[in-house]
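In each ligand, atom 1 is the first atom listed, and ligand 1 is the first ligand listed. Note that the structure is predicted; figures quoted are calculated from it, not measured.
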Amino acid sequence: MAKVSPFHSKANPGKYHVCSNCTEGNNIEPRNKVPGTGGGQLCSRCKELQSSGGC
Ligand SMILES: [Zn+2]
C-alpha cells in the first residue's frame, strides 16, 4: 500500500484516486486508467484510507 500519483478512469470521470490499495481505483481497467485528477474529486475511499493511514 502506498500513496501514488493521482489517476482516474476516463470511462468514469469526476473522481480520482491516490491510493494504490483503493479497491475502486484497482477496479479501473488498464485501458481506462489515465494519470491526473481529470478535474474530479478525491475518491471517498482514498480519503478514508489517507486519514486512517492505510493509504
Ligand atoms: Zn480511490
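- Checked against side chain to side chain donor-acceptor pair (under 3.5 Å), Gln50 has no partners two or more places apart in sequence or in another chain.
- Taking 2.8 Å as the limit, the number of protein N, O or S atoms around the Zn ion (ligand 1) is 4.
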**Message:** Let's go through Cys55 and Cys19 carefully: what are the C-alpha distance in whole Å and the side-chain angles of both, what is the deciding distance for disulfide bond (SG atoms under 2.5 Å apart) to 0.1 Å, and is it a yes or a no?
**Reply:** CA-CA 5 Å; Cys55 181; Cys19 294; 2.1 Å; yes

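- The two residues Lys33 and Phe7 make their nearest non-hydrogen contact at CE-CD1, 3.5 Å.
- A heavy-atom distance below 4.5 Å is found between the side chains of Glu24 and Lys15.
- For the atom pair Cys22 SG and Ile28 CD1, the distance stands at 8.0 Å (nearest 0.5 Å).
- Of all heavy-atom pairs between Pro6 and Thr37, the closest is CB-CG2, 3.9 Å.
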